[in-house]
K.L.:
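Sending over a structure as structure tokens; questions will come in a sec.
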Amino acid sequence: MYFSVDRKKGLKIGETYTNDYQAKEFIHYIAEDERRKMRARLSDGKFISVMSDGSLDSAVMEEEMVYVRSASEGKVKVDFVGVKAVSKPDATNIAEAVCSIMESGVSTDWKNKLVAITTDGASVMTGVNNGVVAKLRADRPNVLGIHCMAHKLELAFSDGIRKNVMARKVEDLLSGLYTLYHKSGVNRASLKQHFRELHMKALMPTRVGGTRWLPHLFKALDHFLRGYAGIVRHLEKSQEATNVNAVLRAKTKGFLNIGKDGGVLRFCCLLHDTIYQLSNLSKSLQRSGSTVAEAQSCLSSTQAVIEKYKSRFSDVNSGVLQAMRLTSFQYWPEADTSSDFGDEEVNKLISHFRPLFLSAGVDVELIPDQWTILKTELYTAGFSQGNFEQTWPTVNRMLRHRCPDVLDLFDALLTIPATTADCERGFSVMKQVKSDWRSRLKGETLSDLLKTQLCSPDIKDFDPTKAIEIWHADSLRSRRPDFVRKHGPKETEGGSDSDGTTSEEEEL
């Protein structure tokens, strides 16, 4: 279609490469250009962390998706690496898939720079002896295994309300209202009319399930409570209407009885306030580029409101993970109390990551003294008074020349992701690309399409020059965009699926 439009504009685009096969090849080289940029950036860096998650695609195949996170001079970067089908979703096959993706997409020595692996909490991923994380870090005990905090939050909430009868009743009500209005255009239009009559904004019931993230449940509750008057009015009118069938009347009567129950309403308000806090926490955890220290900060403020969920996250308040709080300037004290601030944490981090730092060329013996210099310089420059932007890129620009080794330590900490939310977003794109109509896409093609979709610039900013250079360099023969194949009597229009030609055709 696009070629036809270009031809109508009078553009000379040739005939050789205007077919599906060559379009697939062009996508491959655009993706390859992005991969080379990523490899070059990661090869210059000293540390990386891996995020991995799995999901079923439209062909009901288990796909393992891998992202890599890096930090250089305080700047955090998250990259999509690849996706690979897994024949059997057990620890061995998933670990092999992750290794294969990383070796082909990053480098064969990627494990030498590995700081952490972030996954969901499934036993196949986090099993102490035979889980995927255990297999990937093998004899590298300094590599951290991070349980995605957004998943942990979901589990904490689920555990908290699992046996609560009122919570089940509220969820059934919200789900029922969503189905009632989502699947019936008549009911939906009638509800909107009642909102207009009450001079209210039309807030349609939304879906409760279908995703793991708490913000969706909060939205369903929020729409129900703020649109309560309109919903109740429509349900009441449905009871009085003579043209409504008996089944629908029975449903609306049941929803009306539950919705008017004072206990249910009070619990909805309590749940709304509670989930508001958890929803904000979930959104913060899912932000791409967020650090473990930032996650701890958000968690601490949320725990002050909802203390009962604290035990689920107790592991981030001790050991190496607690020491990572140094990366968040919110935990830094005022200057007059900063003399020995962070010394214990820095020593703890050095002890844990010593083999990794040594292999990366970091002089660990200089880190304690450089940490003292770093603190002193920042406070002298007016850090606590907010005299400059409190970010690690800013600190690196100011002090990289004086404190390179301690800033390398912070780069390593900044690579550690708190969640696998980037993988979840990647799966959303994958399901758009590998739809029911394209369920036979091969793994290599799917990875190319996702790399192009997730990593390459928008088309208005896209410069194809580098991809074209790679495409030309990889050709075994010269590219001839103006070549036109002469079809034989049995050939169909469009020619072959490659730019290869026979000796007779080359003589034309």
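All values derive from a computational prediction rather than experimental measurement.
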K.L.:
Quick one: does any side-chain atom of N396 pair with a main-chain N or O of W392 as donor and acceptor, under 3.5 Å?
P.N.:
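Between the backbone of W392 and the side chain of N396 there is a qualifying donor-acceptor contact (under 3.5 Å).
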
K.L.:
Is any NZ, NE, NH1 or NH2 atom of the basic residue among R400 and D411 found under 4.0 Å from an Asp or Glu carboxylate oxygen of the other?
P.N.:
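Yes, charged N to carboxylate O under 4.0 Å.
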
K.L.:
Would R425 and D422 pass as an ion pair if we require N to O under 4.0 Å?
P.N.:
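Looking at D422 together with R425, the answer is yes, because their closest N to O distance falls below 4.0 Å.
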
K.L.:
Can R397 and T394 be counted as having a side-chain donor-acceptor contact under 3.5 angstrom?
P.N.:
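Yes - a donor-acceptor pair under 3.5 Å links their side chains.
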
K.L.:
So, for A71 and L414, which heavy atoms are closest and what is the spacing to 0.1 Å?
P.N.:
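Minimum heavy-atom separation between A71 and L414: CB-CB, 3.8 Å.
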
K.L.:
Parallel, tilted or perpendicular, judged at 30° and 60°: which one describes the rings of H182 and Y178?
P.N.:
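H182 vs Y178 ring planes: parallel.
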
K.L.:
Find the distance between CD1 (I146) and CG (D120) and round it off to the nearest 0.5 Å.
P.N.:
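I146 atom CD1 to D120 atom CG measures 13.5 Å (nearest 0.5 Å).
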
K.L.:
For E377, which residues count as a salt bridge (charged side-chain N to carboxylate O under 4.0 Å, His left out) partner, sequence neighbours excluded?
P.N.:
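Salt bridge (charged side-chain N to carboxylate O under 4.0 Å, His left out) check on E377 returns R402.
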
K.L.:
Are D448 and K442 ion-paired here, with the side-chain N under 4.0 Å from a carboxylate O?
P.N.:
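Here D448 does not pair with K442 in a salt bridge, since their nearest N and O are not under 4.0 Å apart.
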
K.L.:
Under a 4.5 Å cut-off applied to non-hydrogen side-chain atoms, are S300 and Y331 in contact?
P.N.:
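Answer yes - side chains close enough.
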
K.L.:
Hey, does V76 have a side-chain heavy atom less than 4.5 Å from the side chain of R69?
P.N.:
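The answer is yes; the side chains approach within 4.5 Å.
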
K.L.:
Can any side-chain N or O of S297 pair as donor or acceptor with the backbone N or O of A293 at less than 3.5 Å?
P.N.:
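No; zero donor-acceptor contacts below 3.5 Å.
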
K.L.:
So D79 and K37, salt bridge (charged side-chain N to carboxylate O under 4.0 Å, His left out) or not? Walk me through it.
P.N.:
CA-CA 11 Å; D79 291 285; K37 292 176 185 176; over 6 Å; no

K.L.:
Measure up the F26 and W471 rings against each other and bin them: parallel (under 30°), tilted (30 to 60°), perpendicular (over 60°).
P.N.:
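Ring orientation of F26 relative to W471: perpendicular.
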
K.L.:
How long is the gap from CG on D405 to CG on L366, to the nearest 0.5 Å?
P.N.:
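One finds 5.5 Å between CG of D405 and CG of L366.
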
K.L.:
I would like to know whether F410 and F47 meet ring-ring contact (aromatic ring centres under 6.0 Å, His included); could you show each step before the answer?
P.N.:
CA-CA 10 Å; F410 282 106; F47 311 107; over 10 Å; no

K.L.:
May I ask you to decide if the ring planes of F80 and Y67 are parallel, tilted or perpendicular, using 30° and 60° as cut-offs?
P.N.:
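Answer is perpendicular, since the angle exceeds 60°.
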
K.L.:
Answer yes or no: is there a side-chain heavy-atom contact under 4.5 Å between L136 and M102?
P.N.:
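A side-chain contact is absent here, since even the closest heavy-atom pair is not under 4.5 Å.
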
K.L.:
Does some side-chain heavy atom of L221 sit less than 4.5 Å from a side-chain heavy atom of Y276?
P.N.:
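The answer is no, as the side chains (C-beta and beyond) never meet within the 4.5 Å cut-off.
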
K.L.:
Count the heavy atoms of every other residue, nucleotide or ligand shown that sit under 6.0 Å from NZ of K135, and state whether that count exceeds 12.
P.N.:
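Enclosed: over 12 neighbouring heavy atoms sit under 6.0 Å from NZ of K135.
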
K.L.:
Would you say E103 has more than 12 foreign heavy atoms packed within less than 6.0 Å of its CD?
P.N.:
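Atom CD in E103 is crowded, with more than 12 foreign heavy atoms closer than 6.0 Å.
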
K.L.:
Could you grab the distance from atom CG of L450 to atom NZ of K434, nearest 0.5 Å is fine?
P.N.:
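L450 CG to K434 NZ: 10.0 Å, rounded to 0.5 Å.
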
K.L.:
Just by distance, no angles: are the side chains of T92 and D90 close enough, under 3.5 Å, to form a donor-acceptor pair?
P.N.:
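T92 vs D90: no donor-acceptor pair found between side chains.
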
K.L.:
Checking side chain to side chain contact (heavy atoms under 4.5 Å, CB included) for the pair L285/K152: CA distance, chi angles, key distance, verdict?
P.N.:
CA-CA 11 Å; L285 295 176; K152 294 174 77 172; over 6 Å; no

K.L.:
Within the 4.5 Å heavy-atom criterion, are E96 and E64 side-chain neighbours or not?
P.N.:
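They are not in contact (no side-chain heavy atoms under 4.5 Å apart), so the answer is no.
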
K.L.:
Go through it in stages, so that I can follow the logic: the residues are I117 and V132, the test is side chain to side chain contact (heavy atoms under 4.5 Å, CB included), and I'd like the CA-CA distance, side-chain angles, deciding distance and then a yes or no.
P.N.:
CA-CA 10 Å; I117 306 167; V132 172; over 6 Å; no

K.L.:
Ignoring hydrogens and geometry, is there a side-chain-to-backbone donor-acceptor pair from S49 to T415 under 3.5 Å?
P.N.:
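Yes, because the side chain of S49 sits within donor-acceptor range (under 3.5 Å) of the backbone of T415.
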
K.L.:
Using modelled atom types and a 3.5 Å cut-off, is there a donor and acceptor pairing between side-chain atoms of S447 and backbone atoms of E444?
P.N.:
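No; judged by distance alone, with no hydrogens or angles, the pair does not exist.
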
K.L.:
Judged by atom type as modelled, is there a donor-acceptor pair below 3.5 Å linking the side chain of D33 to the main-chain atoms of Y29?
P.N.:
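Not at all, since once roles are kept as given, no pair shorter than 3.5 Å links the two residues.
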
K.L.:
Kindly indicate whether the side chain of M65, heavy atoms from C-beta on, has any atom under 4.5 Å from the side chain of S55.
P.N.:
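Of all side-chain heavy-atom pairs linking S55 with M65, none is under 4.5 Å.
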
K.L.:
Could you check whether atom NZ of K219 has more than 12 heavy atoms from other residues, nucleotides or ligands sitting under 6.0 Å from it?
P.N.:
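Counting other residues, nucleotides and ligands, NZ of K219 stays at 12 neighbours or fewer.
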
K.L.:
Which atoms form the tightest heavy-atom contact between M61 and A85, and what is the distance?
P.N.:
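M61 and A85 have their closest heavy atoms at CE-CB, 3.5 Å.
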
K.L.:
Set out, in order, the CA-CA distance, both residues' side-chain angles and the distance that settles side chain to side chain contact (heavy atoms under 4.5 Å, CB included) for L153 and L278, then state yes or no.
P.N.:
CA-CA 8 Å; L153 179 61; L278 297 177; 3.7 Å; yes

K.L.:
What heavy-atom pair brings V320 and F353 nearest, and what distance separates the two atoms?
P.N.:
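Looking at all heavy atoms of both residues, the closest pair is CG1-CE1, 4.0 Å.
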
K.L.:
If I take atom CG from residue L356 and atom CG from residue N142, how far apart are they, to the nearest 0.5 angstrom?
P.N.:
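Going from CG on L356 over to CG on N142, the span is 5.5 Å.
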
K.L.:
In sequence, state the C-alpha distance, the side-chain angles, and the governing distance for V133 and R137, and then conclude on side chain to side chain contact (heavy atoms under 4.5 Å, CB included).
P.N.:
CA-CA 6 Å; V133 174; R137 62 184 178 185; 4.2 Å; yes

K.L.:
Mind listing the closest non-hydrogen atom pair of G121 and T126 along with its distance?
P.N.:
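Nearest pair, atom of G121 first, then T126: O-OG1, 3.5 Å.
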
K.L.:
Within the 4.5 Å heavy-atom criterion, are K451 and R35 side-chain neighbours or not?
P.N.:
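They are in contact (side-chain heavy atoms under 4.5 Å apart), so the answer is yes.
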
K.L.:
Working note: Q286 + T419, criterion side chain to side chain donor-acceptor pair (under 3.5 Å); need CA distance, chi angles, decisive distance, verdict.
P.N.:
CA-CA 7 Å; Q286 294 176 54; T419 74; over 6 Å; no

K.L.:
Going by side-chain contact (heavy atoms from CB on, under 4.5 Å), L409 matches just one of T327, L326, L349. Which one?
P.N.:
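The option that passes is L349.
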
K.L.:
Aromatic rings W371 and W332: how do their planes relate, parallel, tilted or perpendicular, breaks at 30° and 60°?
P.N.:
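It falls in the perpendicular class, over 60°.
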
K.L.:
In Å and rounded to the nearest 0.5 Å, what is the OG1 to CD1 distance from T372 to I367?
P.N.:
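That separation rounds to 12.0 Å.
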
K.L.:
Can you find a heavy atom in the side chain of L144 that is under 4.5 Å from one in the side chain of M324?
P.N.:
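Yes, side chains in contact.
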
K.L.:
Quick one: pull up OG in S87 and CG in N93 and give me the separation to the nearest 0.5 Å.
P.N.:
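Going from OG on S87 over to CG on N93, the span is 4.0 Å.
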
K.L.:
For residues L374 and C403, report the shortest heavy-atom separation together with the two atoms involved.
P.N.:
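Nearest pair, atom of L374 first, then C403: N-SG, 4.0 Å.
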
K.L.:
Is a donor on one side and an acceptor on the other found under 3.5 Å between the side chain of S284 and the backbone of C298?
P.N.:
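Pair absent, no side-chain N/O of S284 close to backbone of C298.
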
K.L.:
Hey, mind stepping through E32 and R39 against salt bridge (charged side-chain N to carboxylate O under 4.0 Å, His left out) and telling me if it holds?
P.N.:
CA-CA 10 Å; E32 182 59 25; R39 291 189 195 108; 3.2 Å; yes

K.L.:
Do side-chain atoms of S158 reach the backbone of E154 as a donor and acceptor pair under 3.5 angstrom?
P.N.:
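Not at all, since once roles are kept as given, no pair shorter than 3.5 Å links the two residues.
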
K.L.:
How close do G45 and K113 get, counting heavy atoms only, and between which atoms?
P.N.:
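Closest pair (atom of G45, atom of K113, distance): O-NZ, 2.9 Å.
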
